[in-house]
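Below: the structure, in C-alpha cells.
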Amino acid sequence: MKPMPCPIESVLLVDDSATECEAVTLMCKELGVQDVVCAYDGAEALALLAVPGFTPSLMIVDLEMPVMDGVEMMQQLRQRGLRIPIIVSSGHDGPLVRAVEGMARNLGLPVIAGLCKPLTRDALARAFECRDNVEQLHCGSPAAHLPDVDIAALAQAISAGEVVPHYQPKVDIQRGLLRGVEVLARWTDARLGPVPADRFIAAAEHSGLILTLSLSVIDQAVAQAASWNTRGLRLILALNISPCLLSEPHLVEAISGLLEKHGVSPSQVVLEITESSVVSPDGPALGALARFRLRGFGLSIDDYGTGLSSMQQLARIPFTELKVDRSFVHRAHEQENLRVILESALTMAHRLRLVTVAEGVETVEDWRLLQQYGCQIGQGYLLAKPMPAEDLLPWIKAHRKRLPLLRAPSLAQPPRHHPLHVSEDQSETRQ
Ligand code: C2E
Ligand code: CA
Ligand code: CA
C-alpha cells in the first residue's frame, strides 16, 4: 500500500511489549512515518533522547513499564525541558489514561492524546493530525478548550501596554482597614470589547505570551505601588503567578529586577499561586518558590479548597498566606457544609501561622461570619470591585465612612488616620 502524506517524520515508541512495538511500528509505517525507534522503557528512551541530533517528531509512551514507567518518564522530560509531542497509551481503562494525560498537561508537556490499548490505525491517524495543534502549548488545559481569543491582537496589546493592572482592596476584617491590593489584569480588545481575565490569561498561557504579559502587568503594578509609597500609602501588592511560569528559568530574577527598578521591597509583595497547580516535589517550580521566599516575597496559596491536593501542597511549599476560595465564603452563613469547611481551613491556617484571607466576600453576613472565625483579611464585592489605580484614593475616602459598620463589635475605638490611608499603621499583613 502507498503511504499517505504524513506530518510525522519520526516516532519514538516507548513500550516494553515486543508484540505491541511490532504492531504499532507497522501502523506508523502505513501512515507514512519514515522512522520508528523503539525503547523498552523510560530509562532507555531518555538515554536515546540524550543522543545529539535525535529528536523524534512525536513519542508514544506506554504507562506501565519496568524500571522507569511512563509517569516517571514524563516527569523527567519536564525536568529536562524536553517538549516533544506525546501520545499516552495504556492497557488500563479510560479514566486512568485521562488522569495521566491531565497530569502531563499540568506539567506543561505537549500531550496530543491518551489512547487505550490495543492501538488502532484510525486512532493513531486522528492523533497524528492533532500534533500541530499542540506543539505550541506551553501549559494549561487541553487544546480543545482553547478560549476564543485573538492571539495576535493580545500580543499587540501587551507590547502597546494595553493590558493593564486593576486593583482590588484586601481589607483587615477585624478593623476594616485597607492592607493591600490584588493586581488583576484587564484587557479591552478593540473588536470584542472587555475580555474576561481568565479567558485571555488562559490564551496567553497556551500561546506562550504569559511571561511577557505577566512581566508587563507586574512592571506597571510595581511602579504604581512605588508611587503610592511616596505618598505614604504602603500597600501589600498581591500578584497572580500562573503555575506554568514557575518553571521559567529566569522568573525569580526578572520579577526581583522589576522590584529593584522601582525601589519596592519583596516584603511588600505576595505571590498568589493557585493551589490546583501540581507542584512536584523535585521540579523546578518548587525551587522557584523557595527562592522567592528566600528573597523575602510572601507566598499565598490561592483558591484554597478547590484542588485535590490542598493539604499536600501546604505541606510541601513554604506558603505565608492561605486564601480560601470564594466558593466556601459567600453564603457560608446559611450553609452548614460550607461553614464547616471554611472554619476548619481557617483553624488549620491559624495553627500553621499563615495569614488568612477570604475572597468573594459579597455581603455583610459573609463579613460577620469571617470576623467571628477570626479570619484576618477579606476581599470581595462588599468592599470593592477591582478598579483602576486612579480610583483607589477616592475609594479610600468613601470607605472611611463605612468603618463603623465593618469594624468588629469588640473594637470600640475608631482608628487614627493617615491623611491618605485607612490603615492605623503601616505594618504589613504578613508576620
Ligand atoms: P483569582 O486570582 O481568583 O482572582 C479573583 C477573581 O474573583 C477576580 O476575577 C475578581 O474580579 C473576582 N472577584 C473579586 N471579588 C469577588 C466577589 O466578591 N465575588 C465574585 N463572584 N468574584 C469576585 P478576574 O479579575 O476576572 O480574574 C479571574 C482570574 O484570572 C483570577 O482569579 C486569576 O486567576 C486570573 N488573573 C487575573 N489577572 C491575572 C494576572 O495578571 N496574571 C495571572 N497569572 N492570572 C491573572
Ligand atoms: Ca488571585
Ligand atoms: Ca482566587
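First listed ligand is number 1; within each ligand, the first listed atom is number 1.
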Problem - Residues R291, E253: salt bridge by 4.0 Å N-O rule - result: yes
Handout entry: Per-atom contact, atom 13 (N) of ligand 1, protein heavy atoms, under 4.0 angstrom
Key = yes
Completion exercise
The closest protein heavy-atom partner of atom 36 (N) of ligand 1 is I201 CG1, 3.9 Å
Handout entry: Any donor-acceptor pair under 3.5 Å from T363 side chain to D366 backbone
Key = yes
Handout entry: Flag for S300-E272: side-chain donor and acceptor within less than 3.5 Å
Key = no
Problem - K170/E321 under salt bridge (charged side-chain N to carboxylate O under 4.0 Å, His left out): CA gap, chis, key distance, verdict - result: CA-CA 13 Å; K170 287 174 88 169; E321 176 181 292; 3.1 Å; yes
Problem - Which residue and heavy atom of the protein sit nearest atom 3 (O) of ligand 1, plus the separation - result: D303 OD1, 3.4 Å
Completion exercise
the protein heavy atom lying closest to atom 15 (N) of ligand 1 turns out to be Q168 NE2, 3.0 Å
Exercise for the section: Establish, yes or no, whether a centroid distance under 6.0 Å links the rings of Y167 and W395. Expected result: no
Handout entry: Closest heavy-atom pair and its distance - A349, T356
Key = CB-CG2, 3.4 Å
Handout entry: L382 side chain reached by E362 side chain, heavy atoms, under 4.5 Å
Key = no
Handout entry: Option set R326, E359, E362, criterion heavy-atom distance to atom 6 (C) of ligand 1, minimum
Key = R326
Handout entry: Ion pair check, K261 and D219, cut-off under 4.0 Å
Key = yes
Problem - SB check D391 K385 (cutoff 4.0 Å) - result: no
Problem - atom 29 (C) of ligand 1 [closest protein heavy-atom partner, distance rounded to 0.1 Å] - result: D198 CB, 4.2 Å
Handout entry: atom 27 (O) of ligand 1 [closest protein heavy-atom partner, distance rounded to 0.1 Å]
Key = A197 CB, 3.5 Å
Completion exercise
atom 41 (O) of ligand 1 sits nearest the protein heavy atom A185 CB, 3.4 Å
Exercise for the section: Evaluate the 4.0 Å heavy atom contact test for atom 32 (O) of ligand 1: does a protein atom fall under the cut-off? Expected result: no
Handout entry: E336 atom CD: more than 12 heavy-atom contacts under 6.0 Å
Key = no
Problem - Residues Q174 and Q371: side-chain donor-acceptor under 3.5 angstrom - result: no
Handout entry: Region of Q379 that comes within reach of ligand 1 [heavy atoms, distance under 4.0 Å]
Key = neither
Exercise for the section: May I ask whether E205 places a heavy atom under 4.0 Å from ligand 1? Expected result: no
Exercise for the section: Say whether P196 and ligand 1 are in contact under the criterion: heavy-atom distance to a ligand atom below 4.0 Å. Expected result: no
Practice task
Kindly write out the residues that satisfy ring pair (Phe, Tyr, Trp, His ring centres under 6.0 Å) with W367, not counting sequence neighbours, or none if the list is empty.
Solution key: none
Handout entry: Stepwise salt bridge (charged side-chain N to carboxylate O under 4.0 Å, His left out) check, D172 with R407
Key = CA-CA 9 Å; D172 178 322; R407 211 175 304 127; over 6 Å; no
Handout entry: ligand 1 atoms in contact with D302 (distance to a heavy atom under 4.0 Å)
Key = 2 (O)
Fill in the blank from the handout: For G360, the ligand 1 atoms with a heavy-atom partner under 4.0 Å come out as 17 (C), 18 (O)
Practice task
Starting from the C-alpha separation in whole Å, work towards a yes-or-no answer on salt bridge (charged side-chain N to carboxylate O under 4.0 Å, His left out) for E162 and R186.
Solution key: CA-CA 8 Å; E162 289 164 13; R186 291 292 178 264; over 6 Å; no
Handout entry: Exceeds 12 heavy-atom contacts within 6.0 angstrom, atom CD of E365
Key = yes
Problem - T274 N/O under 3.5 Å from ligand 1 N/O - result: no
Fill in the blank from the handout: shortest atom 22 (N) of ligand 1-to-protein heavy-atom contact is with Y381 OH, 3.2 Å
Fill in the blank from the handout: If we number the atoms of ligand 1 from 1 as shown, the ones under 4.0 Å from a heavy atom of P386 are 11 (O)
Handout entry: Structural part of R186 in contact with ligand 1, heavy atom criterion under 4.0 angstrom
Key = side chain
Practice task
Measure the CG-OH distance between L346 and Y373 for me, rounded to the nearest 0.5 Å.
Solution key: 8.5 Å
Handout entry: Exceeds 12 heavy-atom contacts within 6.0 angstrom, atom CZ of R368
Key = yes
Problem - From V164, D366, N240, L213 - option closest to atom 45 (N) of ligand 1 by heavy atom - result: N240
Completion exercise
closest protein heavy atom to atom 44 (N) of ligand 1 is S242 OG, 3.0 Å
Completion exercise
At under 4.0 Å between heavy atoms, what of E182 touches ligand 1? The answer is side chain
Practice task
Please work out whether any backbone atom (N, CA, C, O) or any side-chain heavy atom from C-beta onward of L382 is under 4.0 Å from ligand 1, and answer side chain, backbone, both or neither.
Solution key: neither
Handout entry: S214 N/O under 3.5 Å from ligand 1 N/O
Key = no
Practice task
Provide the protein N, O or S atoms situated under 3.0 Å from the Ca ion (ligand 2); waters are not included.
Solution key: E182 OE2, N240 OD1, E272 OE1, D302 OD2
Exercise for the section: Answer yes if the side chains of R78 and Q75 hold a donor-acceptor pair under 3.5 Å, and no otherwise. Expected result: no
Practice task
Could you tell me whether L184 and ligand 1 have an N or O pair separated by under 3.5 Å?
Solution key: no
Exercise for the section: Check each atom of ligand 1 against the heavy atoms of G380 and keep those under 4.0 Å away; list them by number with element. Expected result: 15 (N), 18 (O)
